[in-house]
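Comments concern the structure below.
Quick note on labels: first sequence line is chain A, next is B, and so on, each numbered from 1. Because the structure is a prediction, the values reported are computed rather than measured.
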Amino acid sequence: MAKNLVIVESPAKAKTIEKILGKDFEVKSCFGHIRDLEKDDMGIDIANNFKPKYVIPEDKEKVVKELKKLAKDTDEVWLATDEDREGEAISWHLCEVLNLDPKTTKRIVFHEITKPAIENAVQHPRKLDMDRVNAQQARRILDRIVGFEISPVLWRKMSMRNSLSAGRVQSVAVRLIVEREREINNFSSVSTFKVEAYFTGKDINGKSISFKADGPGKFKTAEDAEKFLEQCVGAAYTVKDIQVKPGKKSPAAPFTTSTLQQEASRKLGYSVSKTMLLAQKLYESGNITYMRTDSVNLSDTAVSEIEKAIKTSFGDKYHQHRKFKNKNESAQEAHEAIRPTYMENTTVDDSDTRKLYELIWKRTIASQMADAELEKTIAKIDISTNHEELSASGEVLKFDGFLKVYMESHDDEDETEEQEGSLPPLAVKQSLDLKEMKATERFSRPAPRYTEASLVKKLEELGIGRPSTYAPTITTIQKRNYVEKRDKEGVKRDFRILTLKADKITKLTDAENTGAEKSKLFPTDLGMIVTDFLNQYFNNVMDYGFTAKIEEEFDEIASGKKVWNTMISEFYSPFHKDVENTLENAERVKGERPLGVDAASGKPIVARMGRYGPMIQIGSVEDEEKPRFAKLKATQSIETITMDEAMELFKLPRNLGQFEDTDVIVNIGRFGPYAQHDKKFYSLKKEMDPYTVELDEVAPLIAEKRTAKDERTIKIFEKEKIQILKGPYGPYIKQGLKNYKIPKEKIDNAADLTVEEAKAIIEDVKANPPKKKAPPRKKKAE
DNA sequence: CAGTGAGCGAGCTTCCGCTTGACTT
């Protein structure tokens, strides 16, 4: 039994630290928080000054039991959880649960897992900081109050009440997406004409050259652009002036959780959850430092390792020592930036995580490298026939510096113009030959829809959410069906081009695809309706500055200037009044939008939310005739659907005619578009539009799927309703709607199974059901 | 697997942050 027990949050960290501290220290992990507010009845005694009721969650009982035992048998317990607010609270909960005296128990902290940092921490223990703990309790209690008081209001006031939720973080995240969508819907694009001139000639060395110059600003109309081109007819062009300016680019800071998620999304196309999963793997295998961090700081040991790596691989002049500071004030900096543990490992063996690792390696090494040096040249070109001038610019890289390994991407990358190339060497007063001059119509664009990663960036800027919650928050708002990630097809748009060539102007119209988006976040109708409701009744909590404001108060609690229950009480009184007022006065929300009157029946048509999602309704339930209903397509929304689009929806179900003497009927069901034939259902392929698809497309699909089904079937025992089927994990047994796993020893000759054997397997599985994730529910209705 | 759409109301849902598991039907 070791004399000292050190408790940290992460088990991977525990292993590393144990090696550093040696045999007198046993290092264990508590796996994050070990207690939380009780789930029933808020877990807060509001009348008793918001006294929290803490319980140990079921999945933490085991680790708590183990820690209790170890703590009892050891001379001294050291609390080494993270230094931030949450970490301090975890230490306090450990005191409470392990019966340690918070006034005397040793509390140590370090921001990096290096030998000097840890040894230094052990030499300078402090005591638990109760002010900081109280700031965390206030944070936790406020979040519980907001979430658990508003969510039930939604259950009462929304006509669709399936597990709706609201919270300080998630509701604001949805609001951002809803408002961006409306901004895009209300955006009217303005077109301008941009002039580009293409020149040919000889450079100062007599070499043939060609380059491009930009026109004088943008023209508002085609007429203005044409007038300018007319003015250029017969003109001579001369280089009037050449300016050369030096420039430089600096590397970005090393990765935090948020910037890692953004770059992995832009450069590798990963979702934020995929990035975090892979980063976790790299962390557990000891390849990178902790991946949930808001710090851009690198340890001194890391900095000198990086320096060494740069100097040996690239040479001394590529190194530049840098110390980055956090822009974000809400950062709590309990850890280092995300970096490779060993810089000498330029890659990893595992193919899944390799790309992400190499990204981290490059970003880290670039952050300590020299600036890239540029030379920007701007040549002004005089037009003899008018007072305007053209300008050509070029950029030359004089010294690559950090660009040798890494270039940060930007969200609007595909929308910016192509990289500027170099400009050929020109002389002042040199004359140039115009090959052609073009005025091209360009359209202004609305702000782009959020990607998962750009939403994280925005949330971080607003100080909302933490590194450990970015990915789960994005999952939650999609799971609640407030937001969905999807692609959007572009639409064709015509644009005009005026060309001046050989002193003649020609006009033509071309077409481009515009507005196509990939993996963007769209609000659902539900998301919009819930957001509008919350904005109306809970504008304080929905305010983008709300979190920043309460964070200031948490800071005051942490520095001992404010008492936590006072802060919570000041928040609670007006908030709870809002809750009661809403329960009493708010109408039940249906999200109705009238579209007009049905020409055929004279009945009103509305778009609205139904129990199963957005739909169109013709007529009302009071009418003698039942109303007609149609479900909106996945890409349509109550807010933007037109009358024509709505009427189009009533064309389903469609009878396509007969195949093998039986009708083929196409419709959209719970699982998407399908065809029905001979009492069987066949999902339509993605590219098949149920509104236009024809029989000759669907019939082969039916035939094909039928044989596929046959191939999947190994054996059928008709009477017992037992099937032996081929699944993605190999053969399995199916009886009724339930599947049963075939034992390993019989799986190779599944085709030879007899009825009796199959029955025996089913009985076996029933008697010893496969273990499921322990469902902590009390009772569940079947 | 492939329907529904009102209102009634039993019985249910819900937050944010800290950490990893145990698993395929």
Taking the side chain of [X] as its heavy atoms from C-beta onward, which of [options] lies nearest to it?
| X | options | answer |
| --- | --- | --- |
| A/F681 | B/dT19, B/dC16, B/dA2 | B/dA2 |
| A/K631 | B/dT19, B/dT20, B/dT4 | B/dT4 |
| A/S468 | B/dT14, B/dC15, B/dG17 | B/dG17 |
| A/S10 | B/dC18, B/dT20, B/dT4 | B/dT20 |
| A/S165 | B/dC15, B/dA2, B/dT4 | B/dC15 |
| A/S151 | B/dC15, B/dT19, B/dG5 | B/dC15 |
| A/I90 | B/dC18, B/dA2, B/dT20 | B/dC18 |
| A/Y283 | B/dT20, B/dC16, B/dA2 | B/dT20 |

Taking all non-hydrogen atoms of both residues, which atom of A/D525 and which atom of A/I638 are closest, and how far apart?
OD1-N, 2.7 Å
How are the rings of A/H576 and A/Y572 set to each other: parallel, tilted or perpendicular (split at 30° and 60°)?
parallel
Atom [atom1] of [X] to atom [atom2] of [N]: distance rounded to whole Å?
| X | N | atom1 | atom2 | answer |
| --- | --- | --- | --- | --- |
| A/D41 | B/dC15 | CG | P | 18 Å |
| A/F31 | B/dA22 | CZ | P | 9 Å |
| A/R156 | B/dG9 | CZ | C1' | 12 Å |
| A/H93 | B/dT19 | NE2 | P | 14 Å |
| A/E9 | B/dC18 | CD | C1' | 6 Å |
| A/Y682 | B/dA2 | OH | P | 14 Å |
| A/L534 | B/dC15 | CG | P | 13 Å |
| A/I668 | B/dG3 | CD1 | P | 12 Å |

NA contact type, [X], heavy-atom cut-off 4.0 Å: base, sugar-phosphate, or nothing?
| X | result |
| --- | --- |
| A/G465 | sugar-phosphate |
| A/S683 | base |
| A/R480 | sugar-phosphate |
| A/D59 | nothing |
| A/P11 | sugar-phosphate |
| A/Q676 | nothing |
| A/A89 | nothing |
| A/G167 | sugar-phosphate |
| A/Y470 | nothing |

Dot-bracket, DNA chain B: Watson-Crick or G-U, under 3.5 angstrom, [ ] crossing, | other strand?
.........................
A/K590 side chain to A/M609 backbone, donor-acceptor under 3.5 Å
no
Donor-acceptor pair, side chain of A/T353 and main chain of A/L282, under 3.5 angstrom:
no
Verify the contact: side-chain N or O of [X] to OP1 or OP2 of [N], cut-off strictly under 4.0 Å; return yes or no.
| X | N | answer |
| --- | --- | --- |
| A/Y674 | B/dG3 | yes |
| A/R608 | B/dA6 | yes |
| A/R168 | B/dG17 | yes |

Could you give the distance separating [M] and [N] at their [atom1] atoms, to the nearest angstrom?
| N | M | atom1 | answer |
| --- | --- | --- | --- |
| B/dC12 | B/dC16 | P | 23 Å |
| B/dT19 | B/dC23 | P | 24 Å |
| B/dG7 | B/dG11 | P | 22 Å |

Per side-chain hydrogen bond (donor to acceptor under 3.5 Å, both in side chains), A/S295 is matched among A/E333, A/H111, A/E336 by A/E333
Cation-pi check for A/Y691 against A/K633: NZ or CZ below 6.0 Å from the six-membered ring centre and within 45 degrees of the axis, yes or no?
yes
Flag this pair as yes if the NZ/CZ of A/R144 is under 6.0 angstrom from the six-membered ring centre of A/F148 and inside a 45 degree cone about the axis; otherwise no.
yes
If you measure from the Lys or Arg side-chain nitrogens to the Asp or Glu carboxylate oxygens, is any gap between [X] and [Y] under 4.0 Å?
| X | Y | answer |
| --- | --- | --- |
| A/K28 | A/E66 | yes |
| A/K53 | A/D40 | no |
| A/R140 | A/D36 | yes |

Mind running side chain to side chain contact (heavy atoms under 4.5 Å, CB included) on A/L583 and A/R156 for me, showing each step along the way?
CA-CA 8 Å; A/L583 283 172; A/R156 292 268 299 273; 4.0 Å; yes
Let me know, please, whether A/Q136 or A/M291 comes out on the 5' side of the other along DNA chain B by nearest nucleotide.
A/Q136
Could you say whether A/H33 or A/K62 is positioned toward the 5' end of DNA chain B, judged by the nucleotide with the nearest heavy atom to each?
A/H33
Applying the 5.5 Å / 30° rule, does A/W155 stack onto the base of B/dT13?
yes
What residues in residues 139-149 of chain A put a non-hydrogen atom under 4.0 Å from any atom of DNA chain B?
A/R139, A/R140, A/D143, A/R144, A/G147, A/F148
Side chains of residues 543-551 of chain A: which donor-acceptor partners sit under 3.5 Å, not counting sequence neighbours?
residue, atom, partner, partner atom, Å
A/D543, OD1, A/G545, N, 2.6
A/Y544, OH, A/R175, NE, 3.4
A/Y544, OH, A/E179, OE1, 2.8
A/T547, OG1, A/R168, NH1, 3.3
A/E551, OE1, A/R85, NH1, 2.9
A/E551, OE2, A/R85, NH2, 3.2

